[in-house]
A.B. asks: 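Below is a structure I'd like to ask you about.
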Amino acid sequence: MTEQITPKTNFIRDIIDEHNRTGRFGGRVHTRFPPEPNGYLHIGHCKALCIDFGIAEDYGGLTNLRYDDTNPVKEDEEYVDAIKEDIHWLGFDWGDREYYASDYFEQLYDMAVQLIRKGKAYVDDLSAEEMREYRGTLTEPGKESPWRNRSVEENLDLFSRMRAGEFADGTKTLRAKIDMSSPNMNMRDPVMYRILHTSHHRTGDAWCIYPMYDFAHGQSDSIEGITHSMCSLEYENHRPLYDWFLDELEIFHPQQIEFARLNLTHTVMSKRKLRKLVEGGYVDGWTDPRMPTLAAMRRIGYPPTAIRKFIEMVGVAKNENFVEIELLEHVVRDELNLTVPRRMAVLRPLKVILDNYPEDKTENFEVPDYPQNPENTDTRQVPFGREIWIEQEDFMEEPAPKYFRLAPGREVRLMNAYLITATRVEKDEKGQVIAVHCTYDPETRGGSAPDGRKVKGTIHWVSAAHAAEAEIRLYGHLFEDEFPEDLPEGEVFTDHVNPNSLEVLSGCKLEPSLAHAGVGESFQFVRNGYFTLDKPSFEDGKRVFNRTISLVDTWAKMQK
RNA sequence: UGGGGCAUGGUGCAAUGGCAGCACACCGGACUUUGAAUCCGUUGAUCCUGGUUCGAAUCCAAGUGCCCCAGCCA
C-alpha cells in the first residue's frame with residue numbers, strides 16, 4: 001500500500017501553535033471553507049478544502065461550510081448542492097454548520113449603520129468611472145470624493161433609502177472612510193455596499209443592496225467564531241481591511257492567514273474559463289472527463305483518498321508553485337494499482353490464429369484479478385480459443401532493436417495462457433498485416449514452460465469468439481499549455497482545445513467479463529492505465545468506455 | 001517607478017545557527033506472466049554580493065528576479 005506520509009510542518013501550523021502558546025483563542029481552532037456558489041469545485045479548490053478541514057481536524061477543531069454568496073448575479077443554487085457532494089466525497093464533514101454569508105445580510109446592514117454613525121462610512125454618488133479616476137494609481141494617491149463629508153444623518157437617510165430601493169443600480173455606493181492616499185489600494189475608501197436589483201438565490205428580492213466580499217467575509221468569520229481564516233495569497237493586500245472592519249466594529253477578531261494556491265501543469269484552473277467551456281458547449285458539462293473538477297475526477301474513477309494524499313504531498317507554503325500533473329497521476333495510479341481489478345482489453349485489434357489449436361475447442365484460464373496485491377487473491381475465468389485478438393503494436397513484422405514482443409519466428413507469452421510462436425502473416429491487397437498465424441505449445445498451459453525456457457515478451461489478448469465489442473474514448477488533458485489569458489470567442493477558441501484530448505476508438509475487444517460490468521466501476525488496464533465505466537454505457541448498442549490520461553501516458557512511453 | 005509578498009535540484013515541499021533531506025520527474029541497474037508496476041542506485045539545489053560567527057539556506061546590509069494590488073468580482 002502507499003507509504004505513510006510523515007506529518008509535515010508548515011507555516012500555518014507554526015502560527016496556530018504560537019496562538020495556542022499565547023492563548024489568543026483559548027486553544028480553540030475553528031476554520032471555515034468559503035466557496036462562492038458560482039461553479040463546480042476543482043482540484044485547485046481541493047487544496048483550500050483539505051487545508052481548512054485538515055488543519056481543524058488535526059487540532060481537534062471544527063470547520064464550517066460557508067457559501068460566500070454576496071454577489072447574486074454570478075451565483076446559482078445548482079452549485080451549492082454540487083459543492084456539498086464534492087466535499088462529502090472527499091470525506092470531509094461540516095456537521096450541521098452549513099452557513100451562508102447571505103444569512104448575515106441583516107447583521108451586516110446593522111454593522112454598516114454602526115460605521116456610518118461612527119463617521120467611518122459614507123454614501124457616495126460617484127459613478128463607477130468617476131470612482132476609478134478618483135482612486136488614483138499605484139504610484140499616485142487618490143482624491144477624496146466630494147460626497148465624502150456628508151453628515152451622519154444624511155448618510156443614514158441615504159443608506160436606508162438605498163436599501164428601500166429608491167436608487168438605480170450603480171448610482172450610489174456605501175464606502176468606508178479610510179484613506180484615499182494609502183499605498184494599499186484596498187484602503188482607499190473601499191466600497192462596502194453596491195446596489196443590485198437582482199434576485200438572490202436564497203434571499204430572493206428581499207435585498208437590492210449587497211455587501212462586497214471585504215465587508216462580508218471578516219464579519220462572517222467573526223460571527224461564526226472562526227479563529228483561523230485561511231485564504232490564498234492574493235488576499236494578503238486585503239488583510240489590513242479585514243482587520244480594519246473588525247477593529248472599528250469592535251467584534252471578535254479572527255486571524256487571516258494566506259497561502260499559495262495550487263497550480264497544476266497542463267491544467268486550466270480558472271473558474272471563469274472552465275465556465276466558458278461549459279457554457280460554450282466545448283465540453284459536456286462540468287463533469288466532462290477532461291475537466292479538472294472534482295466531479296469529473298470522481299466520474300473517471302480517481303479515488304478521493306488519492307486526491308487527498310496528493311494535496312498532502314504538495315504541501316503548503318507561500319511560494320508561487322506549479323505542481324507537475326505527473327505527481328497527481330502517480331498518486332492515483334498507486335492506489336488504483338491495488339484496489340481495482342485487472343482486465344484485458346485490446347484497443348487496436350489484430351487477429352492471431354493458432355494453427356495447431358483445435359478448431360472448435362474452448363478452454364478457460366483462471367486469472368488473478370489483483371496481480372499486484374498479495375492480499376487479494378480473487379480470480380476470474382477467462383475464455384480462450386483458436387482465434388484471439390492482440391494489440392496491433394504487439395506485433396512487428398520487422399522487429400526493432402529491443403522490441404521483445406511478437407515477431408515472425410519469435411516466441412512470446414500470451415498472458416496467463418500459452419507460449420506462442422509466430423509462423424506467418426496474412427496481408428490484404430495493400431500489404432497491411434491483417435492476421436498473424438502462430439503455433440502454440442500445449443505444454444505451456446498457464447504461461448510457463450516445463451523445460452524452463454524463458455520468453456522476453458508477454459502480451460495481453462482477448463478470445464475472438466468471446467470478445468465483447470466496444471467503443472472506447474481515450475481522454476487526455478483538455479488543453480495545450482498556452483491558453484490565452486483573454487479567452488477568444490467562437491472559432492478561435494476551439495484552436496486551444498487540444499485535439500488529442502479525446503480519441504474515440506471503435507472496434508475494441510474486451511474480456512467478456514467487462515460486458516456485464518456496471519457504470520461507475522473502475523478497472524486496472526492491462527498496460528497499467530486504467531479506465532472507469534461511464535455513462536452513457538451504451539451507444540448504438542455498444543458499450544462505451546471513458547478512461548483517463550494515465551493510459552495515454554503509458555501508451556506514449558511505449559511508442560518511443 | 002507606491003505598497004504587499006516570495007526566492008532551496010527539472011517540479012513541489014522540508015531543514016528555524018550545526019552533515020542540505022523527502023517525493024515526483026529524469027537517467028542507470030535488478031526483478032517481473034507485458035517494456036507497466038515494484039526494488040535499488042546515480043546525477044542534480046540554497047538568487048547575487050558583502051558582513052557577523054568556530055560554523056549561515058537560516059542572522060545583518062545592499063542588490064537582483066518573480067508574483068499580487070488601480071472591480072460597484074470573490
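In what follows, every heavy atom counts, from backbone to side chain, and hydrogens, waters and symmetry copies are set aside. Order of the sequence lines sets the chain letters (A, B, ...), proteins ahead of strands, with each chain counted from 1.
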A.B. asks: Under 4.0 Å, counting only non-hydrogen atoms across every strand here, what does A:E324 touch: a base, just sugar-phosphate, or nothing?
C.D. replies: base
A.B. asks: Would you check if the side chain of A:N416 reaches a backbone N or O of A:G446 as a donor-acceptor pair within less than 3.5 Å?
C.D. replies: no
A.B. asks: Are A:N38 and A:E75 close enough that a side-chain donor and a side-chain acceptor fall under 3.5 Å?
C.D. replies: no
A.B. asks: Is there a side-chain polar atom (N or O) of A:R333 under 4.0 Å from OP1 or OP2 of B:A37?
C.D. replies: yes
A.B. asks: Taking donor-acceptor contacts at under 3.5 Å, does the side chain of A:R405 reach the base of B:G35?
C.D. replies: yes
A.B. asks: How would you label the contact of A:D14 with the nucleic acid (heavy atoms, under 4.0 Å): base, sugar-phosphate, or nothing?
C.D. replies: base
A.B. asks: Below the 4.0 Å mark, does B:C24 have OP1 or OP2 next to a side-chain nitrogen or oxygen of A:H330?
C.D. replies: yes
A.B. asks: Is the closest side-chain heavy-atom distance between A:E77 and A:P37 below 4.5 Å?
C.D. replies: no
A.B. asks: Is the phosphate of B:A15 approached by A:T9 (side-chain N or O, under 4.0 Å from OP1 or OP2)?
C.D. replies: yes
A.B. asks: Look at the side chain of A:E326 and decide which nucleotide, out of B:U1, B:C24, B:G12, has an atom nearest to it.
C.D. replies: B:C24
A.B. asks: Just to be sure I follow the notation: if a pair is Watson-Crick (purine N1 to pyrimidine N3 plus N6-O4 or O6-N4) or a G-U wobble (N1-O2 and O6-N3), each under 3.5 Å, what dot-bracket string does RNA chain B give, with | for pairs to another strand?
C.D. replies: .((((((..((((....[..))))..((((.......)))).....(.(((..]....))).))))))).....
A.B. asks: Counting side-chain heavy atoms from CB outward, which of B:C24, B:G4, B:U33 is closest to A:E236?
C.D. replies: B:G4
A.B. asks: Please enumerate all protein N or O atoms sitting under 3.5 Å from an N or O of nucleotides 72-74 of chain B, with distances to 0.1 Å.
C.D. replies:
| unit_1 | atom_1 | unit_2 | atom_2 | d |
| --- | --- | --- | --- | --- |
| B:C72 | OP1 | A:R135 | NH2 | 3.3 |
| B:C72 | OP2 | A:R135 | NH1 | 3.1 |
| B:C72 | N3 | A:G170 | O | 3.4 |
| B:C72 | N4 | A:L126 | O | 2.8 |
| B:C72 | N4 | A:A128 | N | 3.2 |
| B:C72 | N4 | A:G170 | O | 2.9 |
| B:C73 | OP2 | A:R194 | NE | 3.0 |
| B:C73 | OP2 | A:R194 | NH2 | 3.0 |
| B:C73 | O3' | A:R194 | NH2 | 3.0 |
| B:C73 | O2' | A:N71 | ND2 | 3.0 |
| B:C73 | O2' | A:K74 | NZ | 3.1 |
| B:A74 | OP1 | A:T70 | OG1 | 2.7 |
| B:A74 | OP1 | A:R194 | NH1 | 3.3 |
| B:A74 | OP1 | A:R194 | NH2 | 2.8 |
| B:A74 | OP2 | A:Y213 | N | 2.9 |
| B:A74 | N6 | A:H238 | NE2 | 3.1 |
| B:A74 | N3 | A:Y235 | OH | 2.5 |

A.B. asks: When you measure from the centre of the six-membered ring of A:F365, is the NZ or CZ of A:R445 under 6.0 Å away and within 45° of the axis?
C.D. replies: yes
